[in-house]
Protein chains: 2
Amino acid sequence: MSTRLEKKLKTRHNLMSAALKLVEEGQHFSNVSIREIAKNAQVVPTSFYRHFTDMDDLGLALVDELSLVLRQLMRKARQEVVNPKLIIANSVALYVDHVYENRSFFVFMSQELTGGSARLRESIRSELLYFANELAADLKRLNLINHLPLDIADQLCLQVIMTVAMNTPELLDLDKGSQALEKLQQRMEIQLRMVFLGAANWSSSKN
Amino acid sequence: MSTRLEKKLKTRHNLMSAALKLVEEGQHFSNVSIREIAKNAQVVPTSFYRHFTDMDDLGLALVDELSLVLRQLMRKARQEVVNPKLIIANSVALYVDHVYENRSFFVFMSQELTGGSARLRESIRSELLYFANELAADLKRLNLINHLPLDIADQLCLQVIMTVAMNTPELLDLDKGSQALEKLQQRMEIQLRMVFLGAANWSSSKN
DNA sequence: ATTTTCAGTGTACAACCGTTGACTTAAACA
DNA sequence: TGTTTAAGTCAACGGTTGTACACTGAAAAT
C-alpha cells in the first residue's frame, strides 16, 4: 500500500511535527527531549536515530521547512498587490495572519534566533537575510524603492525584516482578537513607516 | 567574622553568578539544572531552596540585577556628553563595550526576551520599556528631540531600544576585535540614523 | 524464490534530574 | 549563659534522560 520511502518520510515528518508541537506548547526547543518527541510521534525513542543524528540535526531540518513557510508568505504578499498607500498596513495584517496560521514555526524561529545552538542561529539568520533580499527585489519590481541608492534600499529591506522579527515574540504572546494585538499591529506599522521615511530622506540628508 | 546575613547574601549571589556563568558558556537558561548551579556555587543542591523557590524565581532575580546593568550603561552615556553629530556612533560604541563587559547579562537577556517563561519575558520587556522612557527623558533634556511631537518622540525611543536589542544576539556571536563586529556596528549606526531621520520627517509627511 | 536492506522494536544501563525530610552547627537572640 | 533560628548538609526517592545493542519483519533487490 505504501512504499518504504513514503513511510519513512511520514515518520520523519511526524517527528518534526511533534517537536514543533511541543515547542508551541511552551517548552524551549533545547529542553525538548528525544523521548518526548518519539512518544508524540507514536514511535519508539530509538527510532529517532534512524532519521536524525541529533536534536540539532532536527532543528536544522525545521529551519529548512521554515524557509518554505516564509516563501509562502512572500507569495501571498505578491498576490495582494494593493494601493501603495496602504501597503504597509496591509502587509502587517498579512504577516500577523500568517503568524497565527503557522504559529509553531514562528515560535520556533523566535526562540532559536536568539537562544539556540550557534549553528541554528546562524542558519535562521541567513534565512532572514535571504528573505530580505527577496523583499528588496519585489519592492524594486513594484517601483517602490527605485529612487533610493542601491545600498540604502538593501539596508532598508533588511531593517524591515528585522523590525518584523523583533516584534514577533511579543506578537506570539497576544491573543488573536485582543486589543493589545491591535496596538502592537499599529506600533509595527508606525515603526515600518518610520524606517521607510528615514530611507526616503537619507540621500537628502548630509550623509 | 561575618554576620549570618552577609553569608546568606554571598551564597545567593554565588548561585546567581553560577547560573549566569552556565548561560554564558552556551547553555540555555531553561536547560540549566539546579544541581549544576549548586555545584558551581560550591553548595549542596538542596541549599538552593533556601534562596529561591524555583528557577523562575532565580530568573526574576537576575532580571532585577540586569536592570542595574542597564542603569549603569545609562549613567556612562550621560557622562559622555558629546558632539550631537557623533552621538549615535559614540552611543553604539559605548553600548558594544558595555555588552562585552557584561556579556553574561546580555546573553541572558537576549535568550529570555524570546525564549523564557511568560513571566520572565514580560519582566524583561517592561525593563526595556522603562529603559526607553529613561532614554526619552535624556534626549529631551539634551534638546535633541524637542521639536518632535510627544508621542512620536516616545515611539522613536522605543524603536531605538528595540533596534539595539534586536542586534544584540548577533553582537554576542562576534569576537571583540573582529571585522564582522565592525560591520555590525556600522549597520547599527545606519539603522539608528534611519530611525531618527524617519522620526524627524514624520510631521512633515502626510500622516 | 531467495537474499538483502533497513525502519521500527524492545531491553537495558548509567547518569542526571527535582524535591522530600531529618540532621547539624554556628550565629543571633533573650 | 542558655535557647532559638535558619543556612547548609546528607541520604534517599522516584522519574526522566540519551543512547548502545541485539532483534524483527516487511519491502526492495537480486
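Letters A, B, ... are given to chains in the order of the sequence lines, protein chains preceding strands, and every chain is numbered from 1.
- If you check the side chains of B/N102 and B/Q72, you find no donor sitting under 3.5 Å from an acceptor.
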Distance-only criterion, 3.5 Å: show the donor-acceptor pairs between side-chain atoms of residues 176-184 of chain B and protein atoms not counting sequence neighbours.
from: B/S178; atom 1: OG; to: B/D175; atom 2: O; distance (Å): 2.9
from: B/S178; atom 1: OG; to: B/L181; atom 2: N; distance (Å): 3.2

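- Taking the side chain to side chain donor-acceptor pair (under 3.5 Å) definition, one finds that B/H98 meets it with B/K76, sequence neighbours left out.
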Treating primed atoms plus P, OP1 and OP2 as sugar-phosphate and everything else as base, which nucleotides of nucleotides 16-25 of chain C get B, S or - for protein heavy atoms under 4.0 Å? -BBBBB----

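- Between B/L5 atom CG and D/dG8 atom C1' there is a gap of 16 Å when expressed in whole angstrom units.
- As judged by a 4.0 angstrom heavy-atom cut-off over every strand, A/V44 is placed among the base-contacting residues.
- When the P atom of D/dA6 is taken as reference, atom CZ of B/F52 falls 18 Å away, rounded to whole Å.
- A straight line from CZ of B/F48 to P of D/dT9 spans 15 Å, rounded to a whole angstrom.
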Considering only distance and modelled atom types, tabulate donor-acceptor pairs under 3.5 Å from the side chains of residues 103-110 of chain A, sequence neighbours left out.
from: A/R103; atom 1: NH2; to: A/L172; atom 2: O; distance (Å): 2.4
from: A/S110; atom 1: OG; to: A/F106; atom 2: O; distance (Å): 2.9

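- Contacts between residues 9-30 of chain B and DNA chain C, counted as heavy-atom distances below 4.0 Å, involve no residue at all.
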With a cut-off of 3.5 Å and sequence neighbours excluded, list every side-chain donor-acceptor pair involving residues 36-46 of chain B.
from: B/E36; atom 1: OE2; to: B/Q27; atom 2: NE2; distance (Å): 2.8
from: B/N40; atom 1: OD1; to: B/K21; atom 2: NZ; distance (Å): 2.7
from: B/N40; atom 1: ND2; to: B/E36; atom 2: O; distance (Å): 3.2

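- Contact annotation: the side chain of A/L156 never approaches that of A/W202 to less than 4.5 Å [non-hydrogen atoms, C-beta and beyond].
- The distance from atom CD of A/E6 to atom P of C/dA7 is 15 Å, rounded to the nearest whole Å.
- Within the structure, a side-chain polar atom (N or O) of A/K8 is placed less than 4.0 Å from OP1 or OP2 of C/dA7.
- Here the C1' atom of nucleotide C/dT9 and the NZ atom of A/K39 are 17 Å apart, to the nearest Å.
- Between B/R4 atom CZ and D/dT5 atom P there is a gap of 10 Å when expressed in whole angstrom units.
- With values rounded to the nearest 0.5 angstrom, B/R121 atom CZ is found 12.0 Å from B/S123 atom OG.
- The environment of B/R71 atom CZ is dense: over 12 non-hydrogen atoms of other residues, nucleotides or ligands sit within 6.0 angstrom.
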